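Here's the structure, in structure tokens; my notes come after.
FYI, side chains are in, hydrogens and waters are out, and symmetry mates aren't considered; it's all heavy atoms of this structure. Quick caveat: nothing in here was measured; it's all calculated off a predicted structure. Atoms within a ligand are numbered from 1 in the order they appear, just like the ligands themselves.
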Amino acid sequence: MSDFSPGQRWISDGEAELGLGTILNVDARSVTVLFGASQETRTYSSRNAPLTRVAFGSGDRIQSTEGWQMTVDDSKEVGGLIVYIGEDDAGALCELPEARLADTMQFDQARDRLLTGQVDRNDWFDLRFRTLHHHHRIEQNPALGLAGPRIDLIPHQLYIADEVARRHAPRVLLADEVGLGKTIEAGLILHRLLLTGRAERALILVPASLTHQWLVELLRRFALEVTLLDEQQSQAHGDANPFEAGQLVLASQDWLFANPHRQQQAQTCDWDLLIVDEAHHLDWSPEQSGPGYACVEHLAARVPGMLLLTATPEQMGLASHFARLRLLDPDRYHSLEAFREEEAHYVEVAEAIDALDRLPGEAADCERVAAVIHEPDSLALLDTLADPERGDDQRAAARAQLRDQLLDRHGTGRVMFRNGRRHVGGFPERRLHVTELEAPSAYRRVLRRLARDEDYLDELLIETGLDHPEVLIYPDAMYRAMTDDPLNTEPWWQFDPRVSWLLERLADDGETGFAGDKALVIAHDRETAQGLAEGLRVLGGYQAPVFHEGLSLVERDRAAAAFADEEEGCQVLVCSEIGSEGRNFQFCRHLVMFDLPLHPDQLEQRIGRLDRIGQRHAIEIHAPVFTGSPGEKLLRWYHRGLDAFGAPHGLGSEIHAAFGDTLADSLLDDESLDEVIEETRALFDAKLEERDAGRNRLLELNACRHDRAEAVIAAIRELDADKALARYLDQALDIFGVDSQDIGGGIQHLQPSPQMLDGLPGLVKGEEGFSATFSRERALARDDVQRLSWEHPLLREMMGRILGGAMGNTALALLKHPTIPAGRLMVELVFRTHCPAPKRLHLNRFLPPTAVRVLLDESGANLTAKISFTGLSKAVKKVKKAVARDLIKSRHDQLRELLDGAETEAQRELPSIVEAAQGRMRAELDAELARLEALSRLNPAVRADELEALRRERAELDAAIEATRLRLDAVRVIVTVGDDAR
Ligand SMILES: Nc1ncnc2c1ncn2[C@@H]1O[C@H](COP(=O)(O)OP(=O)(O)OP(=O)(O)O)[C@@H](O)[C@H]1O
């Protein structure tokens with residue numbers, strides 16, 4: 001195109017938001033344009049520059065660089081430049097050369113773009129309308145934010161995510177048993193909060209050993225990119241606050257808790273959500289709080305949302321557990337005593353819930369229920385349920401409602417979610433294999449002396465510097481510490497029979513051997529783990545990676561990856577106690593307890609590495625112990641006293657608190673041990689019964705309401721099966737310049753074409769792109785294949801760009817029609833509801849941008865109902881841009897009038913849209929408000945600020961919906977042509 005001249009005003013077709021450009025320079029090949037408002041300069045090839053000349057017509061309002069405005073009557077050309085002639089606001093005749101048009105004049109609105117001759121491709125318009133339509137649908141879907149992640153649809157996780165993420169600034173303790181998917185639940189909650197605009201910034205604090213695993217899970221399963229912050233990264237930011245570097249920041253607790261300066265920086269940022277994994281490490285006692293607790297306490301006072309994750313909430317004692325609940329809600333959890341007392345009452349509530357199933361029946365059951373309900377609505381439901389005259393359906397509905405009310409209104413269920421294997425089901429069996437070995441003489445010597453001489457234990461503690469009872473149950477550590485003993489000349493692993501036993505098992509292809517299988521070995525001490533790995537290497541030629549807290553993160557990840565690799569990976573991984581917490585090793589089924597931990601929760605954490613979602617085999621737990629040793633006694637206590645190798649029961653802390661000390665004193669004495677075991681068992685059985693009846697029963701019942709979970713799953717499945725997604729994606733990829741190739745097996749490869757519009761996630765010109773599938777199952781089976789859904793970042797980016805920009809908001813097309821004479825005009829207008837409201841209100845769930853389509857013929861008659869969008873879309877033909885511009889220029893005045901007329905037509909639709917949205921909003925929020933109000937009278941776990949926030953939210957939503965306006969979003973001009981037209 002050679003008709004560029006310096007000083008002319010043009011506008012970018014693809015980037016209308018740059019504003020009005022001025023031609024700076026033109027040569028044979030290129031044209032350079034300055035966009036004054038955005039201070040951008042662009043150089044284009046003059047042959048195919050994506051630019052449109054701006055030419056105003058009669059009636060248009062234009063603005064000068066000095067700020068005065070005029071209405072155009074006419075124009076003339078002087079030296080290749082347009083001079084506009086018209087009236088200013090005072091009615092005086094004036095002229096404005098185009099060079100003096102204000103740079104800030106906006107041309108992204110459909111009306112302005114159309115009337116100044118800027119038309120986009122017809123298929124862009126088409127895509128825009130479809131985008132609006134799908135966006136409207138998806139935003140209201142109850143599964144929004146839960147449907148995209150690459151996860152199996154596991155009911156208890158989806159229930160929790162749905163329940164928590166719908167709350168205002170959720171603050172909860174995710175306390176599912178080990179390996180049931182707390183990370184996944186936290187990821188789902190975060191994902192939904194981000195997608196619905198309820199959160200924008202989150203800080204995630206995890207033990208150093210888990211940073212990489214979190215990073216990978218968030219990216220691979222949730223397509224969330226987080227900034228991993230450590231000291232080195234932070235220093236690279238100089239004086240700036242490194243926590244401002246990303247929206248989602250992941251940091252290691254070990255680093256942050258030890259670094260007051262960085263803590264201060266983290267506290268000064270605005271976060272919407274704080275996530276703390278392995279929160280049982282945040283220890284607190286009435287006398288003192290640990291550094292981790294103090295740091296999180298400061299953050300908790302400022303950050304509105306908080307998720308604490310732990311599988312063993314009571315590992316550090318009940319007081320510590322209470323203190324963590326207090327972090328979540330200081331008003332509710334103010335007194336440990338009151339908390340204890342309240343718990344005693346849960347048995348009655350749980351019994352009442354069970355009694356519901358037996359009603360109508362015994363009068364005692366009715367009284368049991370009546371004793372715990374006081375609200376009139378609940379009493380009315382009980383009347384219905386207890387009345388034998390009522391029909392089955394009526395009674396079933398009342399039973400379900402009453403059960404929900406009881407669960408809702410009592411207990412810690414709102415703050416704490418705990419699912420157990422027993423409740424979730426489908427977990428593999430655990431099998432314990434004990435091998436008794438004879439203790440080597442180096443250990444026996446000490447044990448014999450201990451048995452003979454009562455005072456020797458004190459001496460031993462001083463000599464080794466170890467604690468009691470560790471010195472007894474970790475004989476290799478004791479041996480290592482006795483450095484002055486002249487008999488201790490060789491490394492412990494040279495003579496410790498557990499090492500040769502392990503070597504035999506690794507090569508054994510019998511039933512309990514590990515040949516051809518992987519084995520995870522856990523030892524308490526880091527030095528034991530290191531020594532053992534050395535022993536395996538020297539004595540058996542095994543290259544066993546070691547995994548312990550002293551390794552750098554990269555080294556740990558390397559060790560875990562070397563173990564995980566199915567084909568080339570190593571057979572055995574040796575871990576220290578703390579080093580493996582939270583890690584995923586469910587691909588392995590043999591667990592070797594090289595020794596035993598002292599706390600039952602740690603024992604459960606060990607088994608939890610393998611007994612996780614995804615484990616397909618029975619778990620074989622191998623424990624080599626020395627006959628008659630303290631270690632063997634400890635095993636007996638675990639096994640017989642509290643069935644610690646069976647399914648998890650969550651009673652470990654209580655039992656340990658009651659018997660830990662007595663047990664330690666009995667480790668050298670068989671007789672007293674038998675007594676301890678007996679007493680432990682008695683307490684364990686009693687607690688088990690109590691647990692099943694009381695608090696844990698309530699927690700379990702509350703942690704997953706199956707009907708709600710099933711409803712969420714059904715909504716997700718509906719989105720998974722949405723055929724429209726593939727059609728939409730095809731069209732969008734084509735328009736955005738992404739090549740898509742079917743590579744078989746339901747997988748497609750997406751690759752940037754040279755024409756691709758920049759800035760699409762995961763796609764960079766010149767690079768190879770990525771493979772993706774619509775199938776949840778296929779994506780779960782293949783880590784290298786992404787899952788395509790409406791929530792995938794690529795789709796969200798494309799939809800966001802279309803709806804947020806001018807792309808496709810004008811078009812012109814030709815229509816061949818047998819009965820309409822050639823040269824007739826039609827305009828197809830799409831109006832969009834506009835409803836400014838803070839993002840946190842997530843107004844879109846009630847009133848997502850809604851399209852109102854209006855089709856007028858040139859006389860202004862409304863044809864909308866007669867000709868559908870799809871019908872018309874299929875019939876129209878594209879036209880060259882230059883032809884389109886000329887057509888628009890020639891029909892400028894007529895088009896202006898039609899645009900005005902269409903607005904009146906569209907406005908007629910607005911009241912019903914507003915009314916419907918208000919109805920949806922009120923129904924949902926009023927019900928939620930009524931539920932919370934009722935709850936708050938009985939259950940102080942409902943925070944007053946939560947109620948207040950909900951009332952405010954309702955009022956704000958009401959006002960925002962009321963103020964909804966319609967704006968023209970896109971317009972297509974359709975011109976009829978004769979049969980020979982092209
Ligand atoms: N819905 C799911 N779909 C696919 N994989 C899942 C799902 N839920 C959990 N997993 C897998 O199961 C394993 C355990 O999940 P996760 O790490 O979230 O458990 P956790 O409760 O946090 O464990 P821990 O108590 O050890 O911290 C992980 O490998 C995770 O990827």
Going by the atom numbers of ligand 1, which of them fall below 4.0 Å from some non-hydrogen atom of [X]?
X: Ala311; answer: 25 (O)
X: Arg612; answer: 13 (C), 14 (C), 16 (P), 17 (O), 19 (O), 20 (P), 23 (O), 24 (P), 26 (O)
X: Arg609; answer: 26 (O)

* Would you confirm whether the ring centroid of Phe587 sits within less than 6.0 angstrom of the ring centroid of Phe563? =>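 Yes.
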* Check the angle between the aromatic planes of Phe222 and His191 and answer parallel, tilted or perpendicular using the 30° and 60° thresholds. => tilted
* For the residue pair His792 and Phe770, does the interplanar ring angle fall in the parallel (under 30°), tilted (30 to 60°) or perpendicular (over 60°) class? -> parallel
Decide whether [X] and [Y] meet the rule of one side-chain donor and one side-chain acceptor closer than 3.5 Å.
X: Glu620; Y: His433; answer: yes
X: Ser771; Y: Asp784; answer: no
X: Gln263; Y: His298; answer: no

* With a 4.0 Å cut-off on heavy atoms, does Gln586 reach ligand 1? ->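 Flag set, Gln586 near ligand 1.
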* **Non-hydrogen atom of Glu278 closer than 4.0 Å to ligand 1** => yes
* Within the side chain of Arg612, is there an N or O that forms a donor-acceptor pair under 3.5 Å with the backbone of Val178? ->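 Not at all, since once roles are kept as given, no pair shorter than 3.5 Å links the two residues.
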Return a yes/no value for [X]: is any of its N or O atoms, backbone included, closer than 3.5 angstrom to an N or O of ligand 1?
X: Ile154; result: no
X: Gln605; result: no
X: Glu217; result: yes
X: Gly179; result: yes
X: Thr183; result: yes

* **Proximity winner for atom 16 (P) of ligand 1, if only heavy atoms of Gly181, Ala175, Gly608, Pro207 are counted** =>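 Among Gly181, Ala175, Gly608, Pro207, the closest heavy atom to atom 16 (P) of ligand 1 belongs to Gly181.
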* **Partner residues of Asn259 under the side-chain contact (heavy atoms from CB on, under 4.5 Å) criterion, sequence neighbours left out** => Glu231, Trp255, His261, Arg262
